[in-house]
Structure formats: structure tokens, C-alpha cells
Undergrad: 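Here's a structure for you.
Keep in mind that what you see is a predicted model, and the values were worked out from it rather than measured. Throughout, protein chains are lettered first and strands after them, A, B, ... in sequence-line order, and every chain is numbered starting at 1.
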Amino acid sequence: MTFYSLLWWVFAALAFGGGIGMVAGRTPVASLLSLVLTLFSTGVIFILLGAHFIGVVQVIVYAGAIMVLFLFVIMLLNLGHDYQPDLRRAGWIAGASVACGVLAWLIMRTFTHETTLVASGGGMTAAQAVEQHGAVGAVAMPMFNEYVVGFELTSLLLLAAIIGAIVLAKRRI
Amino acid sequence: MAIGVRKVRRPESGTSYLRAALKGMALTFRHMVDPRKVTQQYPDEKPNIAPRWRGTHRMEVHADGRPKCVACGLCPTICPANCIRLVPGEDDQGNRYPIVYEIDEFRCIFCGMCQEVCPVEAIHVGQDYEAAEFTRDRFVYDLDRLMAQDHPVTALWDPSDPLSE
Amino acid sequence: MHDLGALSDTAFLIASTIKVLVAFVVTLVVVAMWTLAERRFSAFIQDRLGPNRVGPFGLLQPAADGLKNLLKEESSPGEAAKFYFMLAPMLAIAPAFLLMAVIPWAAPLPTPWGLVDMVIADVPIGILFILAFSSLGVYGLFLAGWSSNNKYAFLGGLRASAQMVSYEVSLGLSLIPVFMLVGNVTLTETVWVQQEGLGIWFAFPLGLAFFLFVIASFAETNRLPFDMPEAEAELVAGYHSEYSSMKFSMFMIGEYAHLLTQSALMATLFFGGWDIPFWQGDDMRVIAPGVVEGAEPAWWKSLLTFFAFAAKTLFFAFVFIWVRWTLPRFRYDQIMDLGWKALLPTSLAFIMLMAASILVLDTLGLPFGLGYGLILTAVNLVAMVLFFWVLDNDRILAGASARREVERRPSEDEAVVVEEPEEPAVPTGAGV
Amino acid sequence: MLTESLILSGILFAVGVAGVLIRRNAIILFMCVELMLNAVNLSFVALSQEVGIEGQVFVFFVMTVAAAEAAVGLAIIISIFRLMETVDTKDFNLLRW
């Protein structure tokens, strides 16, 4: 077991533990912090998988911005210490657990099955692309060449989201 | 003396924030490099206290070591804080003297009335301010302690200028 | 090109360990000293002397403070969420120290075992790493405020999260012109481009970005013009109202470590890092393990460049103190206005301007060098003048009070015009 | 680490699904959805190792969509909270506001 795979297992365990903590968290703040742990660990796993840029963006965008937005809303709504537990009844919990166990097992089985991976159009693996364009450039190249329409559409989506959020949340415009 | 009020025009609009900020920074920098500082290095460098400063008491003594106090009872009567305890006694020559004379310096408000009222100039408030003790009861000064104090006494007023003009 | 040999794996491990230890210890010591410096400089600004009794010039004051904080009773509110209450100071202190890992602090050092990079980790995503970890800094503050179960602490945490999210945007955007000029995001490359590639510190071609970066840094470190999260006058002590002894100390250490890393970043990104100006002898970069391009490395060059880096960093750290004791605190809505209505559009416009200028210059075929930098400097100068002309004097944006004043402005003859009072002389010999 | 990463992604996705099924707090539901998106990102990144850098580009897009979703979703939650004084989905029993 190399050092990197050891790190992978550590952060995979952290990510899983954070996920469980989020679902089981007693207050929204506890859930949120567990989710931050998960997101941070996944960011590290991205870096271990060679996706440096995506890993860091994951931490900046998810852990640093989206989660702070959640936090802000939780505090704004003052869901603080005297919070009512909101788990569904035992039957629901049991059912959901079984269903998710089955789901996890199915997904696991799908992934462990033999499949042949076919490289996409560029014909380069991620490592080769990083070698050629650098950690950031490797992602930028396809984004601004092949997927530039999608890129522009996401910016449009973000604009719509900004306006929508303002319209929804502001009492008086 | 009338207090001069200077009206300064501080418009809220049309002010250059940047220039104002830079001006402020220059001002603070000038003060920072200015060698004139107001700090007094207190234990090394004692502050000059005013001649009318009123601190802890002292009792004047006669040459033979007896207190000058004649136990007339004026000071406990006039004391607004009621901090003086006096038990008068009389010796075989008929001289009154204090058997117990205690001043609670915690209750004392350092008004100086005891000094003013004393007919024999026995009790004085002194020019002393370093009164620190480890226990509270050390602040009840008894007669021996009061007589042992040797700091200068307060000039309640300048005899040549009683109205302090 | 100088090949000084790469480190072997063992030597690399040993060198890295030493570098981590040295960086951590030096940062801690400078942080301690900077708490003293803050108190001394603030005292000088207010015509006082500040703490000068413990040791020569008060140099042992931080040690005394540390000892006091270690020995003090540790209290925690009865209704606090204990686990998070413990966690918050750790979260506040960790990101600030982590940032030091990617900042290069001197020219590479030749040793008998090979060439040692004077940066703990030259990661390929340097500046993004910094953004990532400084964005995690908000959790410590927020958690402290929330877990204390105190309404003032809670308000402090709320303000901290709103403010840091708002200013992070400008912080990140003000760095994009730097990326555009460097063509990369590593910090070592940034230093190299300022030394040789462009031959001019980025503060000149990207002055407006630097200005925005400084403002956003103040907001990120919660230093005074932007210290809403702990505003003493309004919120007791904000998010750390309920903290005492060493836990409180950890917040302080975190704040000053953050201050130092931000100063180091200003030095590295905009003032050439460890570059010594007007001297070609230190212009070098590592292009492969053990291989150096440019001037020849030497131990005394490493030492000199380290001093240059330290001088720049401490200068900016001093500016932090200087500004803190000069400017008053903003009001909360003014902070939000400034962040979203002034800094964000300006940084976006500046990115557009710089991108367009670079595109034009590249199309014209100008070689990337000093002339290129000077043209960009001229463009930047125009942008800065325009920026200050627009934002200053309420020409376009005005505060609410200024608008109100315009409505009820008296006629000119009514205005009482008295000249500003002269600056009062320094008073001497006040009371104890 | 490819297979392990994909399995981890599956497990995280299942945990997210479980959260959506079990919890009733609207904000936590949202966070569970974020976790599911994140699990998908993980499998994208893991596969991009073998298949090509495009996977990472998709992750970038997914993050953008997640950010937009969070902004709008939280705005909806805030306006519901203003009306209902609660974020418990059990109490959201009116189809109007």
C-alpha cells in the first residue's frame, strides 16, 4: 500500500463518516459541518486522483461558498440550539436504510463488474492533458474549445439564479 | 471662562474619502514618529501630585512620642463617611488622649474635613497614594500606624491665599 | 542554466521536515512579536509608549501574555455546544498556518546534497490553494459565534460569514489579472515573471488589482476598518466573547497569522516576493528538480532574498496596524455596499480591461518584457485615476447620509465656513 | 484507486438518498442533494483518470449548477420560512402561499 492509497483510505473514511454524520446530525449546524467534512475530503480525494484544479475548486466553491451560504441561511432562520428533532418515524428509517443498502450494493456491483473504458475524442488521459497544459490549462482547454456553448449557458443559468434568488428572498424590490 | 465652540464644516457629500483617509494616515504617522510621548514610567518616575492632593491620613506626634490628639471627638462627628472610631480616655493629669483611634481607609472619602476641623492640628490627610495591602483589614489604620506615617501632609489651602485666587 | 543536482528521497524528506518546522516556528514567533508590535505601534500613534517593561523594549511581553493565558481559568458557558466550542479555535488557527506552506520565501539554496527549494510545497495550484484555505477560515469564526449560545457572539458569527463570503469574491477576482500575466497559478512562477518575464513588479501594471486585494485582505482578516465580526463597541467582543485563556489566545494567534500570510501574499503576488529590486543576481527559478535557470544560486543570495521577503512582508503587516489605528469602523450596510457595489464591479471591469490590453499587445506582437509591462502600467494608471474619480466625491456612488444631505443642503451663504482646527500639539504631563 | 473511488461514490450517493428519505428539515434535504451531486462528481473525476479530461469539465459544470440550485433553493426556503415559520416539510401542506 503506497502512501497515496493510504491517504485515499483515510479521506474516504472521513467522507463516509461525514455523510453519515450529516444524515444523523441532530441540529442543522451539526449536519452542515459533517457535510463540510465530506466535501473537503472529496476535494482531497480529487487531488489524489490527479484532478488538482477540480479538487481545489471543490473546496473553494462547495466548502467555502455554498456551505457558507447554507450556514448563513441556517443562522438567519435561527435554527440554533433549541431545535426540534426531525427524523421520520422508525418505519421510514428502516425502510430507507434497507433501500439505500440495496442501492449501494447495486451500485457497487455495477462498478466492480468488468467494463472496458474507452477514451473520449481527445484521446488523452487526464494525466497526459495535465502534463501538456498544466493543472489549470488541462481543464480550460476543452472547456473553452469544445464546451464553450455549455460554458456560456452555465453563466446564463447563474445569472437567472441570481435574479431568481433576489426576487424570491427580497420582500420589497 | 467661556468655552470656545468652533464650528467645523464637515460636508458629508462631495468629500474625497481617499484624500481624507490618506490625511488621517499621515496624521497618525506623524504622531507615531513624534518622540514626545505622554506616558509616565510610574514606578520609576513618580507623578507630581498637587499640593492639595488628599491621601491616607497621618497623626502628628509630640516630641515625646504622644499623639497630639486630644480626643475631642470633632473628627468622628464631622466625618461624612463615618469612618473614624475614637474612644477617648483621660490620664491622671486630666489630659484627654485617644485610647482607640482607628480610621477605615476603605470607607474614607478623603474629603479632608477631619483635618479642617481638628483644633490641635493632630490628624492630617497626607500626600500619599500608594496604599496597597494584601488583606482588607490592613486598611483599618490604628493609632500606631497613623503615627508611624511619615509622608508629607496636605496643604488644604494656601494660608496666604485662603480663597485660592 | 545551472545543474546543482536534485535531492535524494531521504534528503528531500529531511529537508521538508526542517522547512516545515522552521516555517511553523518562525511564523509563531513573528506572530507573537506582532501582537507586541501592534500594541507598541498603536501606543506610539496615540502618543503613548505601550508595553515596555517586560524585558528589553518589552520584547518578552508576548511570552508573559502567553504564560498568563496558559495559566488562566478556562471558562465555558453552561449552555454552549461543548464539542463545537472546543473545535472553533482550532478551525480558526489551522487555515492561517497552512497558507504559509505554499509561499516561497527565498531563492533556492544550494547544499552539498542538492538544491533545496525555499518553499515547503510548490503545488501546481498555489494561489487557488490559498483561496481554498482562506475560504475555510470562516468556519472557525462562525462556529465560535454559534456554539457560545450568546446573542452577541452569534451576531458576530453571522456578520463574519456574510462579510467573508462577500469579500472572498473580490479577493479571488482581483487575483485573476495576476494569473493572466503569469499564465500559471503557482507562486514561484509569479515571482519569476516579476523578476525576469515582465521585469516589473505587478504592483505597477496591476495597481488597481493590488488596491482591491488590499481592501479584500483587510476584510478577510477582520482587521479594523472591517472588524464587524468582533466590533467591540457593538458586540462586546463578537464571536469570541465567551472565550477565555488559551482558547482566546488561539483566536488571537489565528488573526495575526492570517495577517502575516496576507502580507506575505501581497509581497509575493504584487511586490516581487523575495526579489531584490534593481539586481539581476537573484533572478532565478527552478525549472526541474535541482536545475536552475537564470542567475547562479548561492547561500548568501538565499539569505539576502529572505531578508528582502521578510522586509516586504513586515512592511505590509505594519500597514495593517497603521490602518487599523487610523480609520474608523464601517457600518455593516456600508461594508456590504462596498463589497458588492464597488469592489466586485471594479474587479470585473479591471479583468476585462487587462484581458483586452493583453490581447491587443499580443496581437501587435509586442515581446513579453519590460516595454509590455510599461504599457500595461500606463493602462493601469488610467484605470486607477478613473476608478478614484468615479468612486470618490460621491460622483456616482454615494452613502445614504450624503444623499440626505444633498436633499437638505442649505444655500451657500448660510453655510458656516470655519477653517479646520490646527492639529493640537502633543499634550505633555497629563495625570497618571 | 479507480474502482474504490467509484464504490465510494456509490456509497456516498446512497447516503444522500437515505438522507432525503429520512430527514424532514428542508435545509438538510438540500444538503443531502448536494451530497448526491458530490458523489456524482467523484465518479466523474475518477473516470476522467482513464477516459479523458472532459470528466473534470463536467464536474465544473455540475458545481455551477449546484451553486445556482443552492442560491435559488435557499431563497425559496427563506420565503417559505417567512410564511410558515418552519422549515419542516411535514408542515408544508398548502399548495399556495
Undergrad: Please indicate whether C:Phe57 has more than 12 foreign heavy atoms, meaning atoms of other residues, nucleotides or ligands, lying under 6.0 Å from its CZ.
TA: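 Incorrect, the count does not exceed 12.
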Undergrad: Given that the side chain runs from C-beta out, which part of C:Ile45 has a heavy atom under 4.5 Å from chain B: side chain, backbone, both or neither?
TA: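 Interface part for C:Ile45: both.
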Undergrad: What distance separates C:Phe318 CZ from B:Met32 CE, expressed to the nearest 0.5 Å?
TA: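 Spacing of CZ (C:Phe318) from CE (B:Met32) equals 3.5 Å.
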Undergrad: Distance check, rounded to the nearest 0.5 Å: B:Phe29 atom CZ versus C:Phe41 atom CZ?
TA: 9.0 Å
Undergrad: For a quick test of reading the model, state the closest non-hydrogen atom pair linking C:Asp47 to B:His31 and the distance between them.
TA: OD2-ND1, 2.9 Å
Undergrad: When rounded to the nearest 0.5 angstrom, what is the spacing between NZ in B:Lys37 and CD in C:Gln46?
TA: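 Going from the NZ atom of B:Lys37 to the CD atom of C:Gln46 covers 10.0 Å.
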Undergrad: Quick one: does C:Thr326's side chain get under 4.5 Å of B:Lys23's, heavy atoms only?
TA: no
Undergrad: So which atom in B:Gln41 and which in C:Asn52 form the shortest heavy-atom distance, rounded to 0.1 Å?
TA: NE2-ND2, 3.2 Å
Undergrad: Does atom CZ of B:Phe110 have more than 12 heavy-atom neighbours from other groups under 6.0 Å away?
TA: yes
Undergrad: Counting neighbours of CG on B:Asn48 that are heavy atoms of other residues, nucleotides or ligands and sit closer than 6.0 Å, is the number greater than 12?
TA: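 Check fails, neighbour count at 12 or below.
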Undergrad: Check the side chains of B:Thr28 and C:Trp322 for a donor-acceptor pair under 3.5 angstrom, ignoring hydrogens and angles.
TA: yes
Undergrad: Please check if atom NZ in C:Lys72 has more than 12 non-hydrogen atoms from other residues, nucleotides or ligands closer than 6.0 Å.
TA: no
